[in-house]
Chemist: 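One structure follows; several queries about it will come next.
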Amino acid sequence: MSSDSSRRIQVPDELKEVLLQFSIAYLVEQPPDLIDFAADYFNKLQANRPIIVSTDNGADDSQSINSQDGDAEPPTVQSTRRKSVFAEAYDPEADDDDEGATAIFPKTDEQRARLIESVKNVLLFRSLEKEQMNQVLDAMFERKVLPGDYIIRQGDDGDNFYVIESGIYKVYINDKHISTYNHTGLFGELALLYNMPRAATVQAETSGLLWAMDRQTFRRILLKSAFKKRKMYEELLNSVPMLKALQNYERMNLADALVSKTYEDGEQIIKQGDAADGMYFIEEGTVSVRMDQEDTEIEISKLGKGQYFGELALVTHRPRAASVYATGGVVKLAFLDTDAFERILGFLTDVLKRNILMYEQMFTEMARRNTNL
Ligand code: 1OR
Ligand code: 1OR
């Protein structure tokens, strides 16, 4: 057989990755019809992928939000009104909502305690300094709601942003029910963050209590920190194949929840046998995954930018299966704690469980090779 290297066809990594992900989805779901499943799968993939939006402002060059590899994709225009909010052309530095005093709504001790409890898990508030957090607490005001009340109507201009203390709220887009808030969470941030009409309608299903903040205060205190964080993690989150299954909106919530951590060359990030507190996405650098074997540790894998680790213990609820070290220089990671993992990525555990199968296969293979030595 001749081996004519000039005729060898290169299989691009992206093609391999997409086909692999598709095959896994097909094998896991085992749908009755392959073609229907494939059509649906790739349509969803296309609808959810990060897009390049030409800005409304014709003078601006359209921005590539995915230009890591220099492969400029043609500008895409989505058919839905709300485009990739990630790609929104907006410069918070140029924002002029900074002026003016922040509203203060006096509260009883009991009210303040309830408010603090309600905002405890609000990811959007995570990057606030203590002083800003106090301003937020001062500026929020109570709103009681009754069953059937419309809190937000799709297409309206944004007035307030809401944190839920109690009540069930249904979210509709084009009259289609798409999700439900159950006594926790927040909504109404999108229109205020991106200066867009309301993306969805939110209606109370039960009576309940909301904490509201007006648009100006929201933008003055929260805009820059929230926007910067979402922007900062945008590229990373778009580059993780597993997260392609997330809606843009969910990816943004994920960005709110991430915390940056930096490790020096050789530093231990995870210790085998420890209890798990979260998982990591690699922003920059390389990590070495090592396992205890008799008296030594052996390297079982190296992971780089866009890959993740530490998910296994979260999914299996077991101790860490391996140790992980920074290697070859400084490593920048984005950390997602267990709570946020369960809230945002909980539904992805099926995808993550496929990794376990792979780890187990590798483990068996390794054990087999060792006994053959
Ligand atoms: P808003 O200011 O645009 C409506 O007003 C609010 O509904 C919106 O902010 C969000 O806080 C909230 N897509 C868009 N907005 C959503 C979604 C959502 N869910 C809640 N809101 N999706 C559902 C994701 C599970 C994506 C649907 C394609
Ligand atoms: P964790 O939470 O158990 C250690 O903490 C992490 O190392 C683990 O999650 C995985 O994210 C990551 N087997 C087990 N864990 C691995 C492996 C692995 N690779 C990376 N991790 N194997 C290597 C597969 C290429 C199998 C080894 C026999």
Side-chain angles (χ1 to χ4, degrees), residues 44 47-48 78 80-82 84-85 122 124 150-164 169-174 176-181 185-203 215 218 242 245-254 256 268-282 287-293 298-303 307-325 338 341 343-344 347 352 355-370:
K44 275 198 193 131
N48 283 332
Q78 269 192 338
T80 49
R81 180 181 53 80
R82 181 169 292 266
S84 159
V85 268
V122 173
L124 213 64
Y150 284 94
I151 320 298
I152 285 178
R153 285 182 198 266
Q154 185 177 347
D156 280 2
D157 284 340
D159 49 1
N160 295 324
F161 149 76
Y162 301 94
V163 174
I164 299 168
Y169 302 85
K170 287 194 155 179
V171 184
Y172 300 87
I173 293 184
N174 301 334
K176 201 169 147 230
H177 175 227
I178 50 152
S179 65
T180 304
Y181 294 97
L186 62 88
F187 56 82
E189 83 292 10
L190 286 183
L192 308 192
L193 268 180
Y194 299 100
N195 240 344
M196 301 271 284
R198 294 295 198 185
T201 293
V202 182
Q203 190 183 22
R215 174 193 183 91
F218 178 90
M242 170 186 81
L246 295 184
Q247 313 253 18
N248 274 327
Y249 184 61
E250 293 163 322
R251 263 198 292 266
M252 290 187 300
N253 285 329
L254 183 54
D256 292 339
Q268 187 167 46
I269 304 159
I270 281 182
K271 187 166 186 289
Q272 185 172 342
D274 274 3
D277 53 353
M279 68 172 290
Y280 300 82
F281 296 92
I282 305 176
V287 302
S288 162
V289 185
R290 298 183 208 163
M291 253 180 182
D292 293 337
Q293 272 235 328
I298 55 159
E299 180 170 273
I300 49 167
S301 175
K302 266 207 162 96
L303 304 170
Q307 291 183 292
Y308 58 87
F309 58 91
E311 82 297 358
L312 189 58
L314 299 185
V315 178
T316 58
H317 301 289
R318 288 214 291 258
R320 297 295 195 190
S323 294
V324 183
Y325 299 85
T338 313
F341 171 85
R343 267 187 293 153
I344 304 172
F347 75 100
L352 294 168
N355 276 358
I356 304 178
L357 283 178
M358 185 193 73
Y359 294 148
E360 280 167 357
Q361 276 166 11
M362 298 274 297
F363 194 74
T364 319
E365 174 68 13
M366 228 170 66
R368 193 181 57 75
R369 260 190 275 137
N370 282 347

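As the structure lists them, so they are numbered: ligands from 1, and atoms in each ligand from 1. In this chain, residues are counted from 1 in sequence order.
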Chemist: Heavy-atom contacts with Ile178 under 4.0 Å: which atoms of ligand 1 show up? List them by number with element.
Modeler: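 Those of ligand 1 that fall under 4.0 Å from Ile178 are 18 (C), 22 (N), 23 (C), 27 (C).
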Chemist: For atom 4 (C) of ligand 1, state which one of Pro197, Gly155, Ala200, Ser179 supplies the nearest heavy atom.
Modeler: Ala200
Chemist: Considering only non-hydrogen protein atoms, determine which one is nearest to atom 2 (O) of ligand 2 and report residue, atom name and distance to 0.1 Å.
Modeler: Arg320 NH1, 2.7 Å
Chemist: If you count the atoms of ligand 1 from 1 in the order shown, which ones are under 4.0 Å from a heavy atom of Tyr181?
Modeler: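 In order of number, 12 (C), 20 (C), 21 (N).
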Chemist: Indicate yes or no: does an N/O atom of Leu192 lie under 3.5 Å from an N/O atom of ligand 1?
Modeler: no
Chemist: Quick one: which ligand 1 atoms are inside 4.0 Å of a heavy atom on Glu250?
Modeler: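 By the 4.0 Å cutoff, the relevant atoms are 25 (C).
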Chemist: Backbone, side chain, both or neither: what part of Leu312 comes under 4.0 angstrom of ligand 2, heavy atoms only?
Modeler: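 It is both backbone and side chain that touch ligand 2.
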Chemist: Can you sort out the partners of Asp159 under salt bridge (Lys or Arg N to Asp or Glu O under 4.0 Å), two or more places apart, ordered by chain and number?
Modeler: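 If we apply the salt bridge (Lys or Arg N to Asp or Glu O under 4.0 Å) test to Asp159, skipping adjacent residues, the hits are Arg198.
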Chemist: Counting heavy atoms only, name the option from Ile300, Val324, Thr364 that's nearest to atom 23 (C) of ligand 2.
Modeler: Ile300
Chemist: Is there a donor-acceptor pair closer than 3.5 Å between any side-chain N or O of Thr180 and the backbone N or O of Lys170?
Modeler: no
Chemist: Please list, chain by chain and in numerical order, all residues satisfying side-chain contact (heavy atoms from CB on, under 4.5 Å) with Ser323, sequence neighbours excluded.
Modeler: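 In terms of side-chain contact (heavy atoms from CB on, under 4.5 Å), with neighbours along the sequence ignored, Ser323 is linked to Gln268, Gln272, Glu297, Tyr325.
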Chemist: Return the option from Tyr308, Phe309, Tyr359 holding the heavy atom at the smallest distance from atom 22 (N) of ligand 2.
Modeler: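 Going through Tyr308, Phe309, Tyr359 one by one, Tyr359 has the nearest heavy atom to atom 22 (N) of ligand 2.
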Chemist: Relative to ligand 1, is Ile173 under 4.0 angstrom through side chain, backbone, both or neither, heavy atoms considered?
Modeler: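 Just the side chain.
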Chemist: Of all the non-hydrogen atoms in the protein, which one sits nearest to atom 3 (O) of ligand 2, and at what distance?
Modeler: Ala321 N, 2.8 Å
Chemist: Would you say that Ile152 contacts Phe187 through its side chain, given a criterion of any heavy-atom pair below 4.5 Å between the two side chains?
Modeler: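 Yes; the side chains approach each other to less than 4.5 Å.
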